[in-house]
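Numbers restart at 1 for each chain; the letters A, B, ... are given by sequence-line order, proteins then strands.
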2 protein chains.
Amino acid sequence: MALHILPMPINAGKKFRHGQILNVVANEPVASQDELRRRLAQRKLRVTQATLSRDLQELKLVKTPEGYKQAAALAEESAPLPPLSHALREFLVDIRPAENLLVLKTPPGGAQALAAAVDSAKFPEVAGTIAGDDTVLIITAKRKTRESLQKKIEAQMTK
Amino acid sequence: MALHILPMPINAGKKFRHGQILNVVANEPVASQDELRRRLAQRKLRVTQATLSRDLQELKLVKTPEGYKQAAALAEESAPLPPLSHALREFLVDIRPAENLLVLKTPPGGAQALAAAVDSAKFPEVAGTIAGDDTVLIITAKRKTRESLQKKIEAQMTK
DNA sequence: CGGGAGACCGTATAAATATGCATGGCTTTG
DNA sequence: CAAAGCCATGCATATTTATACGGTCTCCCG
């Protein structure tokens, strides 16, 4: 019969503790590292808050208003979501077409953010953007091009 | 031209600020609320860390080692418990078959967690489980049944 | 053996985050 | 218009989290 002669440290082992942490956190909301420490103590595991701080990072658990949660899935995203659509609703106050130019007005200070969002959307129509404080100037090749872009932007606003 | 003299001199509006926060956070890693405060200041937005603490919660942004991230996506998950596969790798030390019984050995204190994971997997072969401190006893109907279950579990370990 | 490297962890403390309380502006009522 | 209710904040401070440092243990290697 297979004997698993594992180099099991005298100590319960970090691996084991990590498993317990995941287990605790999955079952009940844990609001702080100190609370987690107490729950682990109930399970016969005595560690300090400092250790838990390190463990939580290794396990990629993040603190949320509803307790610690797995962050793995979250790690890479976040960029894709708040793009143009949100920025438009947040900042766009007015649209003014002018031949091959499109002028977007925003509340004071909003231009930079809106321009960044427009850029990141990578519309083929956009030749370039310039942002002041409350105004974004979008430059397109021709009047037709501008009309196309304007439609797209206005469409974003409604949906 | 639009003159914003009185409308909102000191207060640019929470909505607007929220937009700025999302924008900042989406573009570059922000390690602390104080850093965020400084970045907003560059954008002409002056608020205190206290306000940002509240904002971040409202925006469902959580702190990760790589900066603040959108938590919305993360919120609902973590429900699908740490599946069997993980629990096995975390806790399983040895498997011992015995006729229609399967004995799983874990590090001290790991049995409860492992048993819970096995239960949640809802294997049809499992008639019931009993967990001690470092031992899980799984009961199946017959020897054949146990063999089937054992294969499944061992398969989980390799992949 | 005698280091030396590295992992792990506790202690103490620094850093960061959350929050109780008070203020000022707005809106709603009477 | 005054009074009352709400919000959004700032300030000061409590609470929570991260980390610098040092000690212990284990495994190697000469």
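For A/R37 against C/dG10, a side-chain-to-base donor-acceptor contact under 3.5 Å is absent. Side-chain N/O atoms of A/R46 and base N/O atoms of C/dG10 include no donor-acceptor pair closer than 3.5 Å. Judged by distance alone with a 3.5 Å cut-off, a donor-acceptor contact links the side chain of A/Q49 to the base of D/dA18.
Closest approach to the A/Q33 side chain among C/dT19, C/dC9, D/dA18 is made by D/dA18 (side chain taken as heavy atoms from C-beta onward). Counting only heavy atoms from C-beta on, A/A50 has its side chain closest to C/dT11 among C/dT11, C/dT17, D/dG10. Nearest to the side-chain atoms of A/T51 among the listed nucleotides C/dA16, D/dC11, C/dC9 stands C/dC9. Of the candidate nucleotides D/dT17, C/dG10, C/dT19, C/dT19 has the atom lying nearest to any side-chain atom of B/R54.
Rounded to whole Å, the distance from CD on B/E35 to C1' on C/dA15 is 14 Å. The CG-P distance, from B/L52 to C/dT17, rounds to 10 Å in whole Å. Distance, A/E58 CD to D/dT19 C1': 14 Å, rounded to whole Å. Taking atom CZ of A/R17 as the reference point, atom P of C/dG10 lies 7 Å away to the nearest angstrom. Between the C1' atom of C/dC8 and the CG atom of A/L45 lies a distance of 14 Å, rounded to the nearest Å. At whole-Å resolution of the value, CG in A/D55 and C1' in C/dG10 are 13 Å apart. When the P atom of D/dT17 is taken as reference, atom CG of A/L59 falls 15 Å away, rounded to whole Å. In this structure, CD of A/Q57 is placed 14 Å from P of D/dT17, rounded to the nearest angstrom.
Nucleic acid contact for A/T48: base, since at least one base atom lies under 4.0 Å from a heavy atom of the residue. A/S32 comes within 4.0 angstrom of the backbone, heavy atoms only, and of no base. B/S53 comes within 4.0 angstrom of a nucleotide base, judged by non-hydrogen atoms across all strands.
Contact annotation: the side chain of B/V62 never approaches that of A/K69 to less than 4.5 Å [non-hydrogen atoms, C-beta and beyond]. When side chains are defined from C-beta on, B/R17 counts as touching B/T51, because their heavy atoms get closer than 4.5 Å. In this structure, A/S53 and A/Q49 have side chains that are in contact, with non-hydrogen atoms separated by less than 4.5 Å. By the 4.5 Å heavy-atom criterion applied to side chains, A/Q57 and A/R54 are not counted as neighbours. Side chains of B/I21 and B/L52 form a contact here, defined as non-hydrogen atoms less than 4.5 Å apart.
Side-chain nitrogen and oxygen atoms of A/Y68 include none within less than 4.0 Å of the OP1 or OP2 phosphate oxygen of D/dT16. At least one side-chain nitrogen or oxygen of B/K63 sits closer than 4.0 Å to the OP1 or OP2 atom of C/dT17.
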